[in-house]
Amino acid sequence: MWQSLALPQSQLCLSAVLKCGQSFRWMVAGAAPNQEYRLCLRERVVCLKQDPTTLFYRTILPDPQPSALHWPLRDAETLIWLNDYFQLDVDLQTLYSKWAARDKVFSSIETRFAGIRMLRQDPFENLISFICSSNNNIGRITKMVQSLCRHYSPSLLSLPDPVDPLIQVQYHPFPPPAALAAPEVAATLRDLGFGYRAKYIQRTAKMLVDAHGSGDLAEKFLAGLRNATTEDAREELLKFVGVGRKVADCVLLMSLDKKEVVPVDTHVHQIAIKHYGLKGSLSSKTSMTPKLYEEISTRLVAVWGDYAGWAHSVLFTSDLKAFSSHGVVATEIALPTPPPTPSPLKRKVPTAEATESNVVPASPLTERAKRRRAA
DNA sequence: GCTAGACCCTGC
DNA sequence: CAGGGTCTAG
């Protein structure tokens, strides 16, 4: 049943990575120390748990169960998925060392927050989840995403709750774009408590379906952005509704392989002010202008290097309390390379118009869309 | 281009 | 009254 994979917690800490606001769909089962995590994929549920040296995984499939002979294959598929999802070919120890060498703030928390790595998520799920994240908290985002799955994706299978085996828990995959594109979805989501984000989700799903059909081409398109440059992929994401710079950057980092991207939210802003000498106030909220966003993001990339987005995730997950409780004083960081930022680099004007594969037809451009296209 | 307000809902 | 922002109007 359970398979094992040698993997120290310094390479992956499930409790820190799975419930810190990267993915909002992992179910936690069991008590604190040795708990189990479950995620429902399109055709299987993946279960995980770990001890200090080993990652344990098992696959659960809907009925009818495959014959005993097929289980090794199913587990092999799950292992392939694990390597991809957790990006296990990336050595986290090496990255931590590099960040620590470049950054005093980082070196002071290095050992206390090991095993925090970037997941490689499904782009559509990632996009919709982070449209939900605007002006919101992790608890509610989690409820919203689960509600979305419950209402718009049929249950794949059900399992007894490990805590109370008398209760059956349903496992739903994340719904595809076509399931969310119908106009009435907006009203339903609003009733479900999504607030003003309801229409963003429906409209974004509809844009994808209109442009790529109701098959899996829409998801293929999003996944295809992994091969685009960061700038081009960001430009595509910003065309969707409810997607601003921060949400776009989260998707770039968490599902489109743009490891250097540092999303800037209020929390990161506070970290930047407190520990990296960025301007702003710790008490009063200074508004996040596009210019300030760019400054913060660029600065942090200069500090952390090409895996800056991953480093950002470690600090974000660590939480500010960890810093203050250990007397790490805010200091100016000696930058390895003083951010030369030679005044706004001449942004290359998009010479080629949108290509066949990425153009979103119909739906007259809103003022905002025109603006964004022009930029 | 850049700055305010509004926006759904929940927890402190 | 702010929370992992974005949209729309001036």
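None of the values given here were measured: they were computed from a predicted structure.
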Plane angle bin for A:Phe124 and A:Phe174 - parallel if under 30°, tilted between 30 and 60°, otherwise perpendicular: perpendicular

Distance flag, aromatic centroids of A:Tyr307 and A:Tyr96, threshold under 6.0 Å: no

Touch class at under 4.0 angstrom, heavy-atom based, for A:Cys20 against every strand present: base

Under-3.5 Å donor-acceptor pair between A:Lys246 side chain and C:dG5 base: no

Atom P, compared across C:dC7 and B:dT10: separation rounded to whole Å: 23 Å

Between A:Asp89 and A:Gln87, a side-chain donor and acceptor under 3.5 Å: no

Identified side chain to side chain contact (heavy atoms under 4.5 Å, CB included) counterpart of A:Ser23 within the set A:Leu119, A:Val145, A:Asp122: A:Leu119

Whole-Å distance separating the CG atom of A:Leu292 from the P atom of B:dG1: 19 Å

Any donor-acceptor N/O pair, A:Tyr293 side chain to A:Val264 backbone, under 3.5 Å: yes

Contact under 4.0 Å: A:Arg190 side-chain N or O vs B:dC8 OP1/OP2: yes

P-based separation of C:dG4 from B:dC2 [nearest Å]: 26 Å

Between P of C:dG5 and CG of A:Asp249, the distance in whole Å: 13 Å

Any A:Lys291 side-chain N or O less than 4.0 Å from OP1/OP2 of B:dG1: no

Counterpart base for C:dT6, defined by Watson-Crick or G-U wobble contacts under 3.5 Å: B:dA6

Separation between the P atoms of B:dG5 and C:dC1, rounded to whole Å: 15 Å

Minimum-distance nucleotide (side-chain atoms of A:Arg140 versus C:dC7, C:dG5, B:dC9): B:dC9

Nearest listed nucleotide, side chain of A:Val247, among B:dG11, C:dG4, C:dG5: C:dG5

Distance, rounded to the nearest Å, where A:Asn135 contributes CG and B:dC8 contributes P: 11 Å

C1'-based separation of B:dG11 from C:dT6 [nearest Å]: 22 Å

hbond_proxy A:Tyr293 side chain to C:dG5 base (donor-acceptor, 3.5 Å cutoff): no

Side-chain N,O (A:Ser134) to OP1/OP2 (C:dG4) below 4.0 Å: no

Touch class at under 4.0 angstrom, heavy-atom based, for A:Ile138 against every strand present: base

Gap between atoms NZ and P, on A:Lys199 and B:dC9 respectively (whole Å): 11 Å

